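Input: a single structure, listed below in structure tokens.
All figures in this text were calculated on a predicted structure; none of them were measured in a lab. In what follows, every chain begins at residue 1, and chains take the letters A, B, ... in the order their sequences are listed.
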2 protein chains.
Amino acid sequence: MKKKSTITIYDLAKELNVSPSTVSRALNDHYSIGKKTIKTIKKLAKDRGYSINSVAASLRKQQTNNIGVLVSWIKRPFQSSLISGMEEAARESGYNVLISQSHDKYDHEIENTNAFYDSRICGLVVSLAMETTDYKHLERFIDNGTPVVFVDRIPGHLDGYKVVINNFESAMKATLHLVEQGCRRIAYFGGTENQVIYAERKRGYIEALKLSGLPIDESIILHGDNLSADEGVKWTTYLLGLDNPPDGIFSTNDTAAVSAIQYAKSVGKRIPEDLAIIGFNNDPLCLIIDPPLSTVHHPAFDMGKLAVEQIIRIMEAEETIPVQTIMLETEVIIRASSLRKKPLD
Amino acid sequence: MKKKSTITIYDLAKELNVSPSTVSRALNDHYSIGKKTIKTIKKLAKDRGYSINSVAASLRKQQTNNIGVLVSWIKRPFQSSLISGMEEAARESGYNVLISQSHDKYDHEIENTNAFYDSRICGLVVSLAMETTDYKHLERFIDNGTPVVFVDRIPGHLDGYKVVINNFESAMKATLHLVEQGCRRIAYFGGTENQVIYAERKRGYIEALKLSGLPIDESIILHGDNLSADEGVKWTTYLLGLDNPPDGIFSTNDTAAVSAIQYAKSVGKRIPEDLAIIGFNNDPLCLIIDPPLSTVHHPAFDMGKLAVEQIIRIMEAEETIPVQTIMLETEVIIRASSLRKKPLD
DNA sequence: TTGTAGGCGTTATCAG
DNA sequence: CTGATAACGCCTACAA
């Protein structure tokens, strides 16, 4: 592919009989350039269809305006909302967003971060792959001064900027809700405990049972690789085949919860009378399944937006901003899949 | 933010007492460099943690390795699958993917493409905003030699590389399926006819009615801005309130179709006996709704992958590749929402 | 097979 | 307020 020659600040400078520096400064609204000069130059730039070469500017400034985003699966509703928020925040401030997906594989994560590193991204937002338990590939960015913000799937033992929800409390509230609805034997669907969010959610689940004086039964605490619909079906099959099956399920995502509803219904269980179910995330499918799925609303879009805003704040700040964790509120959304008692009033 | 100094080919060159060009060539496997030299240099590069500065390379080569992607809404299942396919194809060949969303606004599309232009993307994949009817902002890329591939929402009157499905035929098949199931009065849910895909789908719908000897009634042919759940409910409310309501709906997306099912059920209609419904896309929610939604499977992931592969092929080709349209197969997927007759066997 | 030198387009420093 | 100049890191024509 051939590129046609494009217009540069030299061309503009020549045409106006000023120096390229003046043009550069004018286009960047430098204080030392006269209002009128700026106007003239910008007008010509527009007329000539001038477009700044960001690549050259980035090289000179040793700073691009590309923010790297690493998630596990773009097509998951939660993550696409996250990305959507990031894209909006970035664009508002004049940054681009580079996307890559790890497919929850550690190796992919490494390769993708390396590609980002070569591209000299100016900031990185990461939601870790399920497999990831060490962070050397990310420390590299921090070491060279590129801000990294972790979002949702954060590292267990690494200081850093983080944007999260209160997983412990959310899980506890969701579980307590089931207890309030009369559940006495509640199963748990979770991801690998290597991941902080799942460890925390499990902790919240356990805490809720303890608070309610209910026994903890490891045999109905299930951990999976991906919390897919398949896993949901597999687990529900197992649970309903037990001698004393559970009367409630707290699932740490909606996909598995929905498939649990579908399977349970298919074998004649009534939801929520026989089995009350609550999920996590508030994906659109919660409102499609019958009965509608109770869940924990996860502010994915806001999280993405905040994460990028945080990156930008760090980059543009004069002095170092101390490492901090932003924790967003969640909300337990009660729908028919868990509502066994009518509201009191 | 300060960046620490990074290692360059000069550093490597000095350490090995060779020239920077030798290092550059070695790292790029240039034929003129000895096998052994290459090995030595690559080893040192690895040891020193050298990372190529893609920004500098891009400036010099007048070519980045960033492919721009413009869609309307990242969070729509169809589009996130599309993006997922693009990301995979790009990464396989060593390209990054820059993402932006138009929110179906023409103005956004302009701004985003301008940002891409400044970034000197090496290729652009576009699915047009609903509002878009002129393409000057895109011709700019073509003029300067940056390949543009249109995907799904393609322009009406502009030559260019395209990756699409056969919208006409898909819609016709979907509508004919409803006819076969005994529907005699089929409503249509579509997007703006400015967009080729909706114009084509409508044409397919009309053709199917004609082939079946059914009358065409403009009052049950509905066009919306976004085919949202809200529009689906609004339209279904309207349709079921008619003196002679339809007995079938062909919706050009699944979201509106699902909300039609939900609304129709809520007012006591039986699906598919009273109202048979078929959607378009094969989003995950088709399998969540009860009854499961018949639909047209849209190979979003493959489309994305092909579109990027096409971009790369064009970029890397020695000679100009003629403009072409790749058309992918769809498949009508029959589920309970439209199945009124038992299969014959 | 390797080295030298120039330039990609911009911005920052320094001088005027 | 403006201009000249150097440099960002890499690649490549040309020279050796």
Side-chain angles (χ1 to χ4, degrees), chain A residues 1-42 45 48-66 94 117-122 144-145, chain B residues 1-42 45 48-65 117-122 144-145:
Chain A
M1 292 296 323
K2 286 274 182 51
K3 303 281 178 188
K4 285 208 316 200
S5 72
T6 37
I7 191 157
T8 72
I9 52 172
Y10 278 85
D11 302 318
L12 301 178
K14 197 172 293 172
E15 193 164 350
L16 290 173
N17 273 314
V18 293
S19 78
S21 342
T22 303
V23 176
S24 170
R25 286 192 274 245
L27 294 173
N28 289 294
D29 290 306
H30 194 275
Y31 67 94
S32 73
I33 304 286
K35 283 274 180 204
K36 233 181 77 190
T37 321
I38 291 189
K39 215 164 168 183
T40 320
I41 291 176
K42 283 196 172 172
R48 294 286 171 276
Y50 169 78
S51 147
I52 186 177
N53 186 328
S54 301
V55 177
S58 293
L59 177 61
R60 175 60 235 239
K61 290 194 290 195
Q62 294 285 294
Q63 170 91 320
T64 66
N65 55 158
N66 296 146
Y117 194 92
D118 291 346
S119 295
R120 299 297 188 265
I121 52 169
C122 62
N144 95 336
Chain B
M1 292 295 326
K2 288 272 183 49
K3 302 280 175 189
K4 286 207 316 197
S5 71
T6 35
I7 191 158
T8 72
I9 51 171
Y10 281 85
D11 302 319
L12 300 179
K14 198 173 293 173
E15 193 164 348
L16 290 174
N17 275 313
V18 294
S19 77
S21 37
T22 303
V23 175
S24 171
R25 288 193 270 244
L27 294 174
N28 290 296
D29 290 307
H30 193 276
Y31 67 93
S32 73
I33 304 289
K35 283 274 180 204
K36 235 181 78 191
T37 321
I38 292 188
K39 214 165 170 183
T40 320
I41 291 177
K42 283 195 172 173
R48 295 285 171 274
Y50 169 78
S51 146
I52 187 175
N53 185 329
S54 301
V55 177
S58 294
L59 177 61
R60 173 61 232 249
K61 289 192 292 193
Q62 296 286 294
Q63 171 90 316
T64 66
N65 56 156
Y117 195 91
D118 291 346
S119 294
R120 300 295 189 267
I121 52 168
C122 61
N144 96 335

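- Side-chain N/O atoms of A/Thr22 include one lying less than 4.0 angstrom from OP1 or OP2 on D/dG3.
- The distance between atom NZ of B/Lys61 and atom P of C/dG9, rounded to the nearest whole Å, is 16 Å.
- Nearer to the 5' terminus of DNA chain D, by closest-nucleotide assignment, is the contact made by A/Tyr31 (compared with the other of A/Pro20 and A/Tyr31).
- Remark: A/Ser24 is in phosphate contact with C/dT11, judged by side-chain N or O atoms under 4.0 Å from OP1 or OP2.
- Base contact: B/Ser32 has a heavy atom under 4.0 Å from a base atom.
- A straight line from CD1 of A/Ile9 to P of D/dG3 spans 12 Å, rounded to a whole angstrom.
- Atom CG of B/Leu27 and atom P of D/dC10 are 9 Å apart (whole Å).
- Here C/dA12 presents its P atom at 8 Å from NE2 of A/His30, a figure rounded to the nearest Å.
- Residue contacts for A/Ile33: at a heavy-atom cut-off of 4.0 Å it reaches the sugar-phosphate backbone alone, with no base atom in range.
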Trace of the side-chain contact (heavy atoms from CB on, under 4.5 Å) decision for B/Asp29 with B/Lys42
CA-CA 10 Å; B/Asp29 290 307; B/Lys42 283 195 172 173; 2.9 Å; yes
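- Taking CG of B/Asn53 as the start and OH of A/Tyr117 as the end, the distance is 10.0 Å to the nearest 0.5 Å.
- Comparing C/dT10, D/dA4, C/dT4 against the side chain of A/Arg25 picks out D/dA4 as the nearest.
- Regarding A/Asn17, its CG atom lies at a distance of 13 Å from the C1' atom of D/dT2, rounded to whole Å.
- Here the side chains of B/Ser19 and B/Thr22 are in contact, with some heavy-atom distance below 4.5 Å.
- Taking every side-chain heavy atom of B/Ser21 into account, D/dT12 is the closest of C/dT2, D/dG3, D/dT12.
- Between the side chains of B/Thr37 and B/Thr40, no donor-acceptor pair is found at a separation under 3.5 Å.
- In terms of phosphate contacts, B/Gln62 brings a side-chain nitrogen or oxygen within less than 4.0 Å of OP1 or OP2 of C/dG9.
- Computed from coordinates, the A/Leu59 CG to C/dC8 C1' distance equals 9 Å when rounded to whole Å.
- For A/Ser19, taking side-chain heavy atoms from C-beta onward, the closest of the listed nucleotides D/dG3, D/dG9, C/dT10 is D/dG3.
- Checking D/dC10, C/dT10, C/dC8 against every side-chain atom of B/Asn53, the shortest atom distance belongs to D/dC10.
- Rounded to whole Å, the distance from NZ on B/Lys36 to P on C/dT2 is 10 Å.
- In this structure, A/Asn28 reaches the C/dT11 phosphate: one of its side-chain N or O atoms is under 4.0 Å from OP1 or OP2.
- The shortest distance between the side-chain N/O atoms of A/Ser58 and the OP1/OP2 oxygens of D/dC8 is not below 4.0 Å.
- Here B/Val18 lies in heavy-atom contact (under 4.0 Å) with sugar-phosphate atoms only.
- With hydrogens and angles ignored, no donor-acceptor pair closer than 3.5 Å exists between the side chain of B/Arg120 and the base of C/dG9.
- Here A/Tyr50 reaches the OP1 or OP2 of C/dT10: one of its side-chain N or O atoms lies under 4.0 Å away.
- Rounded to whole Å, atom P of D/dC10 lies 9 Å from atom OH of B/Tyr10.
- In this structure, A/His30 and A/Ser24 have side chains that are not in contact, with every pair of non-hydrogen atoms separated by 4.5 Å or more.
- Between A/Val23 and A/Tyr10, the closest side-chain pair of non-hydrogen atoms is not below 4.5 Å.
- Nucleic acid contact for B/Thr37: sugar-phosphate only, since backbone atoms but no base atoms lie under 4.0 Å from a heavy atom of the residue.
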